[in-house]
Amino acid sequence: MLDAKFVRDNLDVVAQAMADRGAEWDSGAFEKLDLRRRELIGEVEVRQARRNEASKAIGALMKEGKREEAEAAKEEVRLINEEVTALDAERESIDEQVREILVTSPNLPHESVPVGADENDNVEIRRWGTPREFEFEPVAHWDLGPQMGIIDFETGVKLAKSRFVVLGRDGARLNRALINFMLDTHGSRGYTEWAVPALANSETLFGTGQLPKFEDDLFKTDEGLYLIPTAEVQLTNLHRDEVLEGDTLPRHYCAYTPCFREEAGSAGRDTRGMIRVHQFDKVEMVKFSEPESSFDELEGMTADAENILQLLGLPYRTIVLCTGDMGFGAAKTYDIEVWLPSYENYKEISSCSNCMDFQARRASIKYRDPGTFKGSRLVHTLNGSGLAVGRCLVAVLENYQQTDGSVVIPEVLRPYMGGQEVIQPVG
RNA sequence: GGAGAGGUGGCAGAGUGGUUGAAUGCGGCGGUCUCGAAAACCGUUAGGCGGGUUUCCCCCGUCUCGAGGGUUCGAAUCCCUCCCUCUCCGCCA
């Protein structure tokens with residue numbers, strides 16, 4: 001959420017930023033509502049001040065036994081209350097409209113973000129590794145998995161519905177190995193591990209920005225809870241409505257969770273395989289940082305995600321998203337894309353963002369540092385996939401497949417699979 | 001699911017209609033003392049919004065005692081609804 005004061009004082013900056021993002025924005029409407037809102041607050045509070053004064057006097061008059069004067073004061077308060085009630089009604093209405101604007105507007109892009117309309121304007125900033133030259137025609141995972149007996153798309157549909165998948169045998173073990181490998185690796189680099197609920201309430205989802213605007217992307221229970229689309233929402237909201245001690249920053253957290261997405265707007269996209277499914281596993285990283293260092297923290301987090309791919313020996317490239325392609329809460333985002341032979345291209349496997357104070361304002365996450373400043377300030381929050389486990393499993397299978405239909409297990413994963421070196425197809 | 005108790009400032013814990021944004025204790029911060037520290041003593045210590053002043057210093061007003069509504073001139077205090085926590089019983093991985 002944007003800061004109303006900042007918007008008020010920087011209408012042109014905000015208008016330009018929203019235009020760069022391709023977001024709807026009406027500076028005039030905001031300005032008008034904001035002005036009226038402040039007028040009304042003044043009107044109401046003047047009356048409330050007089051009312052409080054008169055009420056106090058009534059108490060004193062009653063004690064002194066001056067009943068007639070007390071009655072006169074009561075009558076005055078009664079009249080003030082009628083005015084306040086009327087003004088309050090308009091104030092609430094205006095308040096609601098201002099809030100609606102602020103709550104549904106995306107974050108402002110950071111100055112280092114390239115301006116662009118869509119994914120075609122994203123800028124590649126580095127590559128690592130070289131896509132393997134296959135001496136045979138590589139098989140896409142949607143064929144390879146079922147052939148090997150480790151991915152079962154049809155049974156996923158039977159058990160739930162389309163875009164759900166079942167992993168079996170060494171596929172299930174490989175999935176678990178990836179999760180443990182990622183958690184252990186991040187843990188050794190200073191990330192505190194958490195296990196969090198897979199369901200979240202609306203306050204939590206508001207805090208990270210999924211609500212109110214993107215409810216259609218979420219699975220909702222009939223109790224009003226939502227299946228989490230990413231552990232980011234839980235890790236970030238761990239400190240909702242808290243004031244952290246400055247000397248405990250930055251905090252680096254990680255968690256493994258299943259993630260659930262309705263994929264409402266993506267019918268027809270990535271329909272084959274398990275690239276885009278309603279439920280997938282992910283290890284997520286979240287950071288809480290002081291404002292001064294949050295962009296350094298973003299570089300570090302991106303490096304931590306890339307580290308996983310390097311250890312797995314999977315070629316990737318890193319791109320910086322342009323203004324028009326960034327997510328709602330992000331001020332700057334790096335996407336990491338892994339090489340997938342089936343796509344003959346790089347495919348997103350991680351997204352690392354600095355949200356600056358956008359989520360912190362929504363979720364009220366602050367810090368104090370008495371030696372440096374008085375009171376408390378909003379922290380900056382960051383989040384990044386480290387990594388999407390399902391897509392990572394796909395990348396391992398496709399990139400490490402052999403002529404005979406087997407898959408070599410990357411060395412770093414072998415300790416997590418009892419020393420096993422190869423996944424053999426099961427009849 | 002049934003019965004009961006309760007939700008107050010960083011924490012603990014008073015407060016059952018009037019100058020209480022809230023006693024007291026602990027913790028935190030500042031100071032006195034000390035070579036330094038501890039102890040002791042003194043002071044200080046919520047947040048949101050609006051305005052003033054103006055630039056980070058303070059001043060004024062207002063709202064906030066789980067959330068929302070009601071009664072009243074006035075509610076942390078009374079009433080209603082909801083949420084949450086705890087205890088006992090039941091059920092259960």
Side-chain angles (χ1 to χ4, degrees), chain A residues 1-10 30-103 195 197-207 211 221-226 237-249 290-292 357 360-379:
Chain A
M1 180 162 69
L2 301 178
D3 176 19
K5 280 200 209 75
F6 178 87
V7 177
R8 180 184 308 151
D9 296 335
N10 299 274
F30 177 86
E31 192 174 22
K32 206 172 152 189
L33 288 167
D34 179 63
L35 189 67
R36 182 64 184 144
R37 172 173 171 272
R38 286 182 289 148
E39 280 174 3
L40 285 164
I41 287 172
E43 292 290 314
V44 169
E45 291 190 352
V46 164
R47 286 164 177 76
Q48 286 174 328
R50 174 62 200 142
R51 180 181 65 186
N52 291 340
E53 204 180 325
S55 278
K56 274 185 187 176
I58 291 169
L61 291 169
M62 299 285 268
K63 272 184 189 156
E64 295 169 26
K66 299 177 179 172
R67 291 191 49 194
E68 284 190 14
E69 287 176 52
E71 284 304 321
K74 282 189 188 183
E75 183 55 26
E76 184 192 355
V77 172
R78 229 176 261 123
L79 292 173
I80 292 172
N81 274 336
E82 282 176 21
E83 291 176 12
V84 168
T85 303
L87 288 167
D88 253 346
E90 192 190 350
R91 181 173 71 161
E92 274 169 36
S93 161
I94 300 278
D95 243 358
E96 185 49 45
Q97 293 175 63
V98 171
R99 184 181 155 75
E100 171 76 13
I101 291 172
L102 292 174
V103 145
L199 289 168
N201 60 36
S202 56
E203 289 80 9
T204 298
L205 286 152
F206 177 83
L211 292 180
T221 74
D222 60 11
E223 291 186 326
L225 292 168
Y226 299 83
N237 278 281
L238 238 32
H239 294 304
R240 174 153 50 91
D241 296 322
E242 288 184 15
V243 181
L244 307 174
E245 294 300 332
D247 57 16
T248 66
L249 298 176
E290 295 175 296
E292 292 75 17
D357 62 12
R361 183 171 295 105
R362 288 175 159 251
S364 185
I365 309 170
K366 301 177 178 180
Y367 75 107
R368 61 171 148 248
D369 189 355
T372 312
F373 59 88
K374 282 189 77 171
S376 56
R377 286 189 195 160
L378 296 170
V379 299

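Atoms considered below: every heavy atom in the structure, side chains included; atoms not considered: hydrogens, waters and symmetry mates.
- Distances shown here put every side-chain N or O of A:Lys5 at or beyond 4.0 Å from the OP1 or OP2 atom of B:G51.
- With hydrogens and angles ignored, the 3.5 Å screen pairs a side-chain donor or acceptor of A:Arg47 with a backbone N or O of A:Glu43.
- Residue contacts for A:Ala73: at a heavy-atom cut-off of 4.0 Å it reaches no nucleic acid atom on any strand shown.
- Pairing of B:C35, defined by two Watson-Crick or G-U wobble distances under 3.5 Å, is not identified with any nucleotide.
- In this structure, CG of A:Asp241 is placed 16 Å from P of B:C84, rounded to the nearest angstrom.
- Regarding A:Glu223, its CD atom lies at a distance of 14 Å from the C1' atom of B:C84, rounded to whole Å.
- Nucleotides B:A46 and B:G27, compared at atom C1', are 15 Å apart to the nearest Å.
- At distances below 3.5 Å, at least one donor-acceptor pair connects side-chain atoms of A:Asn10 with backbone N or O atoms of A:Phe6.
- Rounded to whole Å, the distance from CZ on A:Arg368 to P on B:G47 is 9 Å.
- Annotation: B:G61 and B:C57 have their P atoms spaced 23 Å apart (nearest Å).
- A distance of about 14 Å separates the P atoms of B:C65 and B:G10, rounded to the whole Å.
- With both ends at atom P, the span from B:U24 to B:G15 equals 15 Å, rounded to whole Å.
- One finds a side-chain N or O of A:Asn52 lying less than 4.0 angstrom from the OP1 or OP2 phosphate oxygen of B:C63.
- Remark: B:U72 base-pairs with no nucleotide; criterion is Watson-Crick or G-U wobble with both hydrogen-bond distances under 3.5 Å.
- When rounded to the nearest whole Å, the span between CZ of A:Arg361 and C1' of B:G48 equals 13 Å.
- With A:Asp34 as the fixed residue, the side chain to side chain donor-acceptor pair (under 3.5 Å) test singles out one of A:Lys5, A:Arg8, A:Gln97: A:Arg8.
- Base pairing of B:C86 is made with B:G4, judged by Watson-Crick or G-U wobble geometry with both donor-acceptor distances under 3.5 Å.
- Protein atom CD of A:Glu92 is 18 Å distant from nucleotide atom P of B:C49, rounded to whole Å.
- Distance noted for atom C1' between B:G6 and B:A12: 16 Å (whole Å).
- Taking atom CG of A:Leu35 as the reference point, atom P of B:G51 lies 9 Å away to the nearest angstrom.
- Donor-acceptor pairing under 3.5 Å is recorded for the side chains of A:Asn201 and A:Thr204.
- Judged by distance alone, the side chain of A:Arg362 and the main-chain N or O of A:Phe206 form a donor-acceptor pair under 3.5 Å.
- B:U19 makes up no base pair with any nucleotide shown, lacking Watson-Crick or G-U wobble contacts both under 3.5 Å.
- Remark: B:G27 base-pairs with B:U45. Criterion, Watson-Crick or G-U wobble with two distances under 3.5 Å.
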